[in-house]
Trainee: 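First the structure, then my questions, so here it is.
Just so it is clear, the structure is predicted and the values come from calculations on it, not from any experiment. Heavy-atom basis, side chains included; hydrogens, waters and symmetry copies ignored. By convention in this document, chain letters (A, B, ...) are assigned in the order of the sequence lines, proteins followed by strands, and residues within each chain are numbered from 1.
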Amino acid sequence: MKRFLILSLALLTIMWVAGCGKKKQPVVETPPPVEQPKQPEPTKPEPTPEPEVKKVTESDFRIVYFDFDKYNLVDSAKRALDYNAQILKDNPSLMIRIEGHCDERGTIEYNLSLGEKRAASAKKYLADLGIDPGRLQTISYGKERPAVAGSNEAAWAKNRRDEFKIISQ
Amino acid sequence: MSIRTSVQLIFILGLINFLSFGQTVRDVRGRLGEKSTFEPTKISVEEVRYVGINYITSNDSIIMNNCAEILRNDLDFSPFFEVVFLDSFFMRHMELQEMTLLGWSWMGSAYVVKLDAEFPHNNIRLRYYLYATDSQREIRKERFESDKNDYRALVHEMANDIYKALTGDEGVYRTKIGYVKQVGKVKEIFMADFDGYNERQLTNNGSINLSPAFSPDGEFIYFTSYMDDNPKMYMLTVKTNAVNLVSSYPGINAAPAISPDGKYIACVLADEGNSEIYLMDRKGKIVKRLTYSWAIESSPTWSPDGKEIAFTSDRTGSPQIYLMDAEGLNVRRLTYEGKYNDSPCWSPRGDRIVYVMRDRVFKICSIDITGKDYRILADLGDNENPRFSPDGNHIIFSSDRLGPREIFTMDVFGHNQKRITFKGGCSNPAWSPMRR
């Protein structure tokens, strides 16, 4: 008899607890879960492909600097080219245009030839490192497109350069 | 015999000639190039007198003032002439009401130009009377007429006539100049009168356009342009502004120079970085490669007889001027003075080459083609790109001496250095040939 009472009491309490739970649930749950979780669901698949294709941008390449009226590669220039060569090796489909530039001193025609030489020295160095020369185009802008305005050694030093531009990925 | 005495002798001979036969005198011209102590002949230009029937308008009056001013500038531009200006102190001192030929001769003028004008319909009719002050006689008179708006060209025409009467030579007054001008971020090719007026934009492709070079007939301008990405060579027809592609070899297609006979283009082509001088025909087909070296070769310029070419090369480690014959043989170095010499231009007289020397600043220098008699002509600021006028008496160049880069002219002695552009960003001038 005692057992029956205890069981029935236990059942009653369970039913009461369960009944209480059933009554509270519909009031709280219904409004939020319907609208909120559906919005983040479509946005989640978008960010995932970004890290998959790692795009190389032109600012990833280092600029190669030269001495006045020179087109030979100094040590710092070679280090910059070694770095750029690694990018080219990591991205075998990358096609690049090397732009040779000069500072404002000297005549337009001479600087056109000098810029051509500078672009060619970088190309040759990269080819020697094993980069397919077919992936490397060259162009000379002479002194027509300075990176920095100004007529002082600091500006000139920044303008005597090879820049790397991406033609296709 | 000094130049001065020889000039005086020629003057006297000319005068005798004139007095005895009444012909035009050709006494002013001396030989330029040997000495820079040449004494210019003094000449004065009186104000324009109005001889029309109707009342003169204020606009016409301004035009008349301008005409006298342009003529003075034109004559003063020549190294052979010095324009004498009227000095009011002199007028008061001599108690003169009006300047007479005698008065002008006291002022030192050997010649006086008197002008009159009238304005029939919308035209200007301008007459000049050229007097020699010593004989007090009229040497020559001529009448010019054109649309009123074209009075600048009319006065240049007149200046040319006076110059020709006195020197026997064609003046540069009807020539044009081409140059490169920065427009925003791009560089376009422009053209103007020899004195910088009447500017006109020739190219409008929104890219970088460089190195304009006139064909010997003056009808075409060859230039390098980035309009199609790579620096290719193009030809512009001056009358129509039409642009045609000439050459698009890999690398640069640069520094065109048309041979005096008009058949060939000497230019710089560079594939795989090695710039060399080539001869192309006028359609861009390679006729011959002229230089063979791993160094930079640049800036070819023709001798006036078309038999030789001067150019820049850094084959010794720094740029220097070299000469070779037009087949590319017989290469010899011209400049030894200075470590950096570039941008040669061969004088139309054939005897000298002007170029740029770097020595702290970029100076304009000239040297005899035998490599002797090197002279500095301009050393204020950084100067670039000297080019001869077609008569060989003047040099046009660009300079940043006043801040922004502008076009300047000077005579072959380096005197009378004068700015002719005023908006900045002007470079790379070229002088047209004489107009036919």
Trainee: Is it the side chain or the backbone of K123(A) that comes within 4.5 Å of chain B heavy atoms, both, or neither?
Mentor: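 For K123(A), side-chain heavy atoms alone lie under 4.5 Å from chain B.
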Trainee: Counting only heavy atoms closer than 4.5 Å, note whether I296(B) contacts chain A via side chain, backbone, both or neither.
Mentor: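 Contact with chain A involves both backbone and side-chain atoms of I296(B).
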Trainee: Heavy-atom distance under 4.5 Å between the side chains of S275(B) and S298(B), does that happen here?
Mentor: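 A side-chain contact under 4.5 Å is absent here.
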Trainee: Between S211(B) and chain A, with a heavy-atom cut-off of 4.5 Å, which part of the residue counts as in contact: side chain, backbone, both or neither?
Mentor: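 Both backbone and side chain.
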Trainee: Sort by residue number and list every member of residues 357-366 of chain B having a non-hydrogen atom under 4.5 Å from chain A.
Mentor: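 Within residues 357-366 of chain B, near chain A: R358(B), F362(B).
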Trainee: Side chain from CB out, backbone as N, CA, C, O: work out which of these in E104(A) comes under 4.5 Å of a heavy atom of chain B, or both, or neither.
Mentor: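 Looking at E104(A), just its backbone touches chain B.
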Trainee: Checking heavy atoms, do the side chain of D400(B), its backbone, both or neither come under 4.5 Å from chain A?
Mentor: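 The answer is neither part of D400(B).
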Trainee: Heavy-atom pairs under 4.5 Å with chain A: which of K187(B), Q182(B), K185(B) has the most?
Mentor: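 Looking at each of K187(B), Q182(B), K185(B) in turn, K187(B) comes out on top.
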Trainee: At what distance, to the nearest 0.5 angstrom, does OG of S113(A) lie from CD1 of I277(B)?
Mentor: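 CD1 of I277(B) is found 8.0 Å from OG of S113(A).
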Trainee: I'd like to know which of S398(B), P319(B), S427(B), P250(B) tops the heavy-atom pair count under 4.5 Å against chain A.
Mentor: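 The candidate making the most pairs under 4.5 Å is P319(B).
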Trainee: Taking the basic N atoms (NZ, or NE/NH1/NH2) and the acidic carboxylate oxygens, is any pair closer than 4.0 Å for R79(A) and D75(A)?
Mentor: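 Here R79(A) does not pair with D75(A) in a salt bridge, since their nearest N and O are not under 4.0 Å apart.
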Trainee: Go through the atoms of I252(B) and report whether side chain, backbone, both or neither lie under 4.5 Å from a heavy atom of chain A.
Mentor: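 Answer is both: backbone and side chain atoms of I252(B) are under 4.5 Å from chain A.
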Trainee: Working to the nearest 0.5 angstrom, can you tell me the gap between M324(B) CE and S303(B) OG?
Mentor: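 Between atom CE of M324(B) and atom OG of S303(B) there are 11.0 Å.
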Trainee: Could you tell me which portion of Y71(A) (side chain, backbone, both or neither) has an atom closer than 4.5 angstrom to a non-hydrogen atom of chain B?
Mentor: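 For Y71(A), side-chain heavy atoms alone lie under 4.5 Å from chain B.
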Trainee: Just how far is it from atom CE of M227(B) to atom NZ of K232(B), taken to the nearest 0.5 Å?
Mentor: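 It comes to 9.5 Å.
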Trainee: May I ask you to test the W294(B)-K117(A) pair for a side-chain heavy-atom distance under 4.5 Å?
Mentor: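 Yes, at least one pair of side-chain atoms sits under 4.5 Å.
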Trainee: Tell me whether the rings of Y340(B) and Y110(A) are parallel (<30°), tilted (30 to 60°) or perpendicular (>60°).
Mentor: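 Geometry flag for Y110(A) against Y340(B): perpendicular rings.
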Trainee: Which of residues 144-163 of chain A get closer than 4.5 angstrom to chain B, counting heavy atoms alone?
Mentor: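 Heavy-atom contacts from residues 144-163 of chain A to chain B are E144(A), R145(A).
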Trainee: Does NZ or CZ of R387(B) fall inside the cone over F214(B)'s six-membered ring, less than 6.0 Å from its centre and within 45° of the axis?
Mentor: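 Output no; distance or angle outside limits.
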Trainee: Got a sec: does the NZ of K89(A) have more than 12 other heavy atoms crowding it under 6.0 Å?
Mentor: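 Counting other residues, nucleotides and ligands, NZ of K89(A) exceeds 12 neighbours.
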Trainee: Taking the six-membered ring for Trp, are Y141(A) and Y226(B) closer than 6.0 Å centroid to centroid?
Mentor: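 Yes - the distance between ring centres of Y141(A) and Y226(B) falls below the 6.0 Å cut-off.
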Trainee: Closest heavy-atom contact between R289(B) and N274(B)?
Mentor: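 Minimum heavy-atom separation between R289(B) and N274(B): NH2-ND2, 4.1 Å.
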Trainee: For N230(B), is it the side chain, the backbone, both or neither that has a heavy atom under 4.5 Å from a heavy atom of chain A?
Mentor: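 For N230(B), heavy atoms of backbone and side chain both lie under 4.5 Å from chain A.
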Trainee: Checking side chain to side chain donor-acceptor pair (under 3.5 Å) between Q320(B) and each of D342(B), T335(B), D314(B), T312(B), which is the one that passes?
Mentor: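 Testing Q320(B) for a side chain to side chain donor-acceptor pair (under 3.5 Å) against D342(B), T335(B), D314(B), T312(B) leaves exactly one candidate, T335(B).
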Trainee: Return the OH to NE2 distance between Y65(A) and H101(A), rounded to the nearest 0.5 Å.
Mentor: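 One finds 10.5 Å between OH of Y65(A) and NE2 of H101(A).
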Trainee: Kindly say whether R315(B) contributes a backbone atom to a donor-acceptor pair with the side chain of E297(B) at under 3.5 angstrom?
Mentor: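 Not a single qualifying donor-acceptor pair exists.
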